[in-house]
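Data block below; observations after.
Numbering starts at 1 and runs along the sequence shown. Fair warning: this is a prediction, and the values are worked out from it, not measured in the lab.
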Amino acid sequence: MGLNAPNAKYFCLYCDCDAESRWDMNQVWTNTGNSKSARKPSLFLAIDQEYYVPDELHLLLRISDVLIECLFNDLFKKKEFEKQIKPIIETIFKDLAILLEFFKTTNNKWNWTSLMGLDKKKMLEKFPVSQFISGERVKDIEQLWREFYRLYNVLRRSQLSDQEIYQYKIDVENWVQTFCRPNQGSINSIQKYGLYRKSDETPYMHVFAKHMPLFMQQLKANDLSLQTFSTSRIEKNHEQYMAGSMVGAQQMFNEWTMSQQDVVTISNRAEKIDDYC
Ligand SMILES: [Zn+2]
């Protein structure tokens with residue numbers, strides 16, 4: 001879309017927020033575009049900036065990556081990871097039917113195989129985070145996972161009232177503030193422990209909090225929702241292909257053949273998008 005790299009100083013396609021202020025939920029931003037960075041030209045000149053709608057699936061994938069990475073990297077530091085923690089996690093993955101394996105890289109560091117969208121959703125909803133963390137941060141980190149999953153499901157709803165969109169805005173800003181909350185209290189008497197660093201807060205989290213509520217309002221005014229633009233269906237087909245099962249292949253074939261109902265649905269969706277643009 002002609003956007004600079006996510007690690008650029010002015011990283012956002014939709015506003016002039018700079019990387020240093022990304023975590024600051026008190027700042028107010030609108031979807032008016034990035035006037036500060038030396039951007040490359042847009043790929044699609046005929047499409048105005050305001051019509052580049054963020055994909056909810058990619059927000060899920062990239063933000064869950066951060067949550068999972070923060071957890072696993074903490075666990076890898078523990079001496080008992082290989083002999084005690086890893087077998088327990090693998091049993092939980094098996095019970096949840098999640099396809100993930102840990103492996104050592106050539107420089108002897110632990111890593112894990114990439115997760116599909118469906119497996120990430122299962123982890124966010126059900127993985128017992130608190131079983132693997134000790135100390136004051138336990139409940140807050142597990143709540144961070146569950147709350148992100150709840151907010152993602154709000155984002156995906158096809159019908160939302162103005163009040164529900166407003167509440168989403170409040171809740172998602174609180175979520176980001178909790179994610180990068182510093183220690184509270186004095187060094188000798190910490191009242192509330194911090195979770196992650198401000199620098200762990202990503203451009204996707206900024207868009208999740210500062211731009212999605214605006215897009216939700218904008219789309220609602222045009223009788224649309226983020227689901228209209230979602231790539232979830234493509235991802236689902238991709239996951240079935242990767243799973244390589246006969247059932248998945250049959251479902252893909254059935255979807256390719258497209259029932260009469262599918263044609264009507266897709267046609268309606270295209271008409272709605274046409275009207276919007
Ligand atoms: Zn922005």
Side-chain angles (χ1 to χ4, degrees), residues 5-8 11 19 22-23 57-149 152 178-183 193-205 208 231-232 234-249:
N7 61 355
F11 61 93
R22 210 162 53 201
W23 57 272
L57 177 66
H58 279 83
L59 289 173
L60 168 87
L61 296 176
R62 299 291 81 82
I63 296 175
S64 57
D65 278 345
V66 176
L67 293 175
I68 293 167
E69 190 178 321
C70 285
L71 174 70
F72 284 170
N73 284 340
D74 277 350
L75 298 181
F76 294 159
K77 289 174 195 161
K78 299 190 177 188
K79 283 181 189 170
E80 66 273 25
F81 174 75
E82 185 166 10
K83 289 190 176 169
Q84 293 178 27
I85 297 173
K86 181 171 159 287
I88 298 171
I89 294 180
E90 285 168 343
T91 304
I92 293 168
F93 285 152
K94 201 175 170 187
D95 291 345
L96 295 175
I98 291 175
L99 296 171
L100 183 144
E101 285 182 20
F102 293 106
F103 62 94
K104 275 192 172 173
T105 59
T106 48
N107 55 1
N108 211 32
K109 288 189 173 174
W110 283 106
N111 206 333
W112 61 96
T113 50
S114 58
L115 284 159
M116 294 293 181
L118 189 60
D119 287 341
K120 287 181 178 176
K121 287 181 192 174
K122 282 186 209 167
M123 275 195 82
L124 291 167
E125 186 183 15
K126 295 177 179 169
F127 188 78
V129 180
S130 57
Q131 197 176 322
F132 301 95
I133 311 170
S134 55
E136 304 285 333
R137 301 156 71 223
V138 174
K139 280 187 184 172
D140 289 340
I141 291 181
E142 185 158 292
Q143 175 59 18
L144 208 58
W145 282 48
R146 304 295 184 251
E147 177 65 356
F148 172 63
Y149 186 64
Y152 168 71
T178 305
F179 175 87
C180 55
R181 182 185 77 205
N183 286 338
Y193 281 83
L195 299 186
Y196 299 113
R197 297 167 302 179
K198 286 172 182 168
S199 56
D200 289 326
E201 201 262 352
T202 65
Y204 280 96
M205 292 182 192
F208 187 50
T231 59
S232 294
I234 298 167
E235 174 74 5
K236 187 180 161 196
N237 284 351
H238 176 64
E239 286 184 17
Q240 286 170 348
Y241 173 75
M242 293 300 283
S245 72
M246 289 303 289
V247 174

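- Using a 4.0 Å cut-off between a side-chain N of Lys or Arg and a carboxylate O of Asp or Glu, E90 and K94 do not qualify as a salt bridge.
- The CD atom of E201 sits 8.5 Å away from atom CD1 of I63, with the distance rounded to the nearest 0.5 Å.
- Note that CD1 of I133 and CG of L75 are 7.0 Å apart. Values are rounded to the nearest 0.5 Å.
- Shown are K139, Q143, E142; of these, the side-chain hydrogen bond (donor to acceptor under 3.5 Å, both in side chains) with S130 is made only by E142.
- In summary, D140 and R137 do not engage in a salt bridge, as defined by a charged side-chain N under 4.0 Å from a carboxylate O.
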side-chain contact (heavy atoms from CB on, under 4.5 Å) between I88 and Q131, worked out: CA-CA 10 Å; I88 298 171; Q131 197 176 322; 3.6 Å; yes

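- Ring centroids of F179 and F148 are separated by 6.0 Å or more, keeping the two rings apart.
- Atom-to-atom distance recorded for I68:CD1 and L124:CG is 6.0 Å, nearest 0.5 angstrom.
- Without hydrogens or angle criteria, E101 side chain to T113 main chain gives no donor-acceptor distance under 3.5 Å.
- No side-chain donor-acceptor contact under 3.5 Å links K120 to the backbone of L60.
- Atoms CG and CZ, from N111 and F76 in turn, are 6.5 Å apart once rounded to the nearest 0.5 Å.
- The number of heavy-atom neighbours closer than 6.0 Å to NZ of K126, taken from other residues, nucleotides and ligands shown, is 12 or below.
- Within a 6.0 Å radius of NZ in K109, other residues, nucleotides and ligands contribute 12 heavy atoms or fewer.
- Looking at D119, its side chain does come within 3.5 Å of a backbone N or O of L99 through a donor-acceptor pair.
- Between M205 and V66, some side-chain heavy-atom pair lies under the 4.5 Å cut-off.
- Proximity of W145 to M123: side-chain heavy atoms (C-beta onward) are separated by under 4.5 Å at one or more points.
- Minimum heavy-atom separation, K78 to I85: CD-CD1, 3.8 Å.
- At distances below 3.5 Å, at least one donor-acceptor pair connects side-chain atoms of N183 with backbone N or O atoms of G194.
- Side-chain N or O atoms of D74 include none that pairs as donor or acceptor with a backbone N or O of L71 at under 3.5 Å.
- Ring-centre distance between F127 and F132: below the 6.0 Å cut-off.
- Panel note: side chain K86, backbone F102; no donor-acceptor pair is recorded below 3.5 Å.
- Minimum interatomic distance between A8 and A19 (heavy atoms only, all atoms of both residues): O-CB, 4.0 Å.
- Remark: side-chain polar atoms of R197 are not paired, donor with acceptor, to backbone N or O of C180 under 3.5 angstrom.
- One finds the CG atom of L59 at 7.0 Å from the CZ atom of F208 (value rounded to the nearest 0.5 Å).
- The line from CH2 of W110 to CG of N73 is 13.5 Å long, rounded to the nearest 0.5 Å.
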